[in-house]
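Below is one structure; the comments refer to it alone.
Both ligands and their constituent atoms are indexed starting at 1 by order of listing. We use all heavy atoms of the structure for the numbers below, so side chains are in, but hydrogens, waters and symmetry mates are not. We count residues from 1, following the sequence as given.
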Amino acid sequence: MQLHGSYTSPYVRHCRIALQQTGLQHKLIDTDYQQSMAMSPSGKVPFLRDGELLLTDSSSILRHVRERGGQPFWPDISDYDLYLLASTALDSAVNLFLLERDGVTPATSDYLKRQQQRISQCLQHMDQMMQPQLPNLQAPFTDGVLRIGCFLSWALFRKRLSIGVHPNLQALLQKLDQYPLFAATHPSISPST
Ligand SMILES: N[C@@H](CCC(=O)N[C@@H](CS)C(=O)NCC(=O)O)C(=O)O
């Protein structure tokens with residue numbers, strides 16, 4: 001299997017962790033925006049090639065990897081919802097980040113203000129949802145928890161949020177940071193560093 005992506009992408013990170021957890025043979029191919037636009041219809045990373053199969057989204061990649069690895073894929077509906085909520089917040093945060101690079105900010109767009117509000121509300125909800133689960137959180141972690149962790153870690157790396165106001169999410173990230181597969185895929189770590 002060939003996973004195309006960048007070392008900083010939180011979506012790619014989640015797929016890399018799942019691939020490591022299953023022990024399936026794979027190769028990560030560093031792919032930039034220009035290459036992904038030419039090689040995948042969505043023009044986004046990650047995308048995965050497995051023989052003839054092309055998968056263009058981290059969700060289908062995760063399902064494929066878990067199924068091939070004989071691991072359960074979202075057996076719990078609340079965990080699935082957390083995964084989707086974290087992905088919604090992450091999509092909005094990446095969107096704001098990339099637009100800001102082009103000089104477009106919420107100051108001039110009501111839609112982008114809504115994106116900001118969406119991220120805050122998702123964070124608040126995830127923080128509440130995590131409180132009762134915290135004592136039982138342990139490796140290898142669910143896909144919902146891994147997605148929240150990949151989102152938070154990326155957002156902190158890019159200085160998109162301060163986590164102090166979300167103590168349960170902070171505790172979740174601390175636990176994940178002690179998990180070797182999570183720690184080894186931090187966005188600051190690329191093959192050249
Ligand atoms: N729904 C996609 C989102 C992937 C995504 O947004 N990837 C970003 C990198 S972190 C990207 O390639 N963005 C390129 C662009 O928006 O032009 C997934 O889950 O794989």
Side-chain angles (χ1 to χ4, degrees), residues 1-22 24 26-50 53-69 71 73-74 79-106 109 111-112 114-116 118-119 122-123 126 141-161 173 176 182 184-191 193:
M1 278 192 266
Q2 295 186 330
L3 179 71
H4 288 258
S6 66
Y7 288 87
T8 50
S9 165
Y11 306 93
V12 175
R13 183 181 188 182
H14 193 163
C15 297
R16 290 170 69 200
I17 294 168
L19 279 161
Q20 296 282 345
Q21 286 177 331
T22 55
L24 292 167
H26 66 280
K27 207 170 145 187
L28 177 67
I29 298 170
D30 203 2
T31 305
D32 63 23
Y33 286 161
Q34 222 176 342
Q35 291 166 323
S36 59
M37 198 50 96
M39 294 171 76
S40 167
S42 72
K44 293 191 175 193
V45 292
F47 60 96
L48 179 118
R49 284 194 180 280
D50 187 5
L53 184 69
L54 169 68
L55 297 176
T56 62
D57 193 282
S58 64
S59 296
S60 54
I61 295 170
L62 287 170
R63 175 174 164 181
H64 183 63
V65 168
R66 297 274 180 232
E67 285 180 355
R68 278 205 53 184
Q71 294 184 349
F73 185 63
W74 288 314
D79 190 66
Y80 181 44
D81 195 63
L82 270 181
Y83 170 89
L84 294 173
L85 197 68
S87 301
T88 296
L90 178 54
D91 289 345
S92 297
V94 168
N95 201 235
L96 283 171
F97 173 68
L98 294 178
L99 283 169
E100 204 173 288
R101 280 182 161 179
D102 286 347
V104 183
T105 70
S109 158
Y111 176 64
L112 294 187
R114 258 201 339 274
Q115 292 280 57
Q116 270 184 325
R118 177 172 295 117
I119 296 167
C122 289
L123 284 166
M126 291 188 297
F141 300 102
T142 62
D143 279 307
V145 169
L146 286 173
R147 179 58 56 119
I148 294 175
C150 289
F151 163 45
L152 295 175
S153 186
W154 174 85
L156 289 171
F157 172 68
R158 293 296 191 193
K159 301 189 176 20
R160 310 302 300 179
L161 62 84
L173 195 56
L176 277 169
F182 190 80
T185 51
H186 190 273
S188 64
I189 303 173
S190 75
T193 55

Within the structure, does S58 bring an N/O atom to less than 3.5 angstrom of an N/O atom in ligand 1?
-> yes
Using the six-membered ring wherever Trp is involved, compare the ring planes of F97 and W154 and label them parallel, tilted or perpendicular (cut-offs 30° and 60°).
-> perpendicular
By side chain to side chain donor-acceptor pair (under 3.5 Å), which residues pair with R49, not counting sequence neighbours?
-> none
Side chain to side chain donor-acceptor pair (under 3.5 Å) partners of R16, counting only residues at least two apart | none
Purely on distance, is any nitrogen or oxygen of V45 under 3.5 Å from one on ligand 1?
-> yes
If we only count N/O pairs under 3.5 Å, is R147 in contact with ligand 1?
-> no
Any idea which atoms of ligand 1 are less than 4.0 Å away from a heavy-atom of D57?
-> 1 (N), 2 (C), 18 (C), 19 (O), 20 (O)
Rounding to 0.5 Å, atoms CD1 (I61) and CG (L54) come to a distance of 8.5 Å
min-distance protein heavy atom vs atom 14 (C) of ligand 1 -> Y33 CE2, 3.6 Å
Side chain, backbone, both or neither: which part of T8 comes within less than 4.0 Å of ligand 1 when only heavy atoms are counted?
-> neither
Identify, by atom number and element, the atoms of ligand 1 in contact range of L98, meaning under 4.0 Å from any of its heavy atoms.
-> 16 (O)
Of all the non-hydrogen atoms in the protein, which one sits nearest to atom 10 (S) of ligand 1, and at what distance?
-> S9 OG, 3.3 Å
Identify whether NZ of Lys or CZ of Arg in R147 sits under 6.0 Å from the centre of the six-membered ring of F141 and within 45° of that ring's axis.
-> no
With the threshold set at 4.0 Å, does a side-chain nitrogen-carboxylate oxygen contact exist between E100 and R158?
-> no
Provide, to 0.1 Å, the distance between atom 17 (O) of ligand 1 and the closest protein heavy atom, together with that atom's residue and name.
-> G43 O, 4.4 Å
How many angstroms lie between SG in C122 and CG in L84, if you round to the nearest 0.5 Å?
-> 11.0 Å
Note: ligand 1 atoms sitting under 4.0 Å from heavy atoms of P46 are 20 (O)
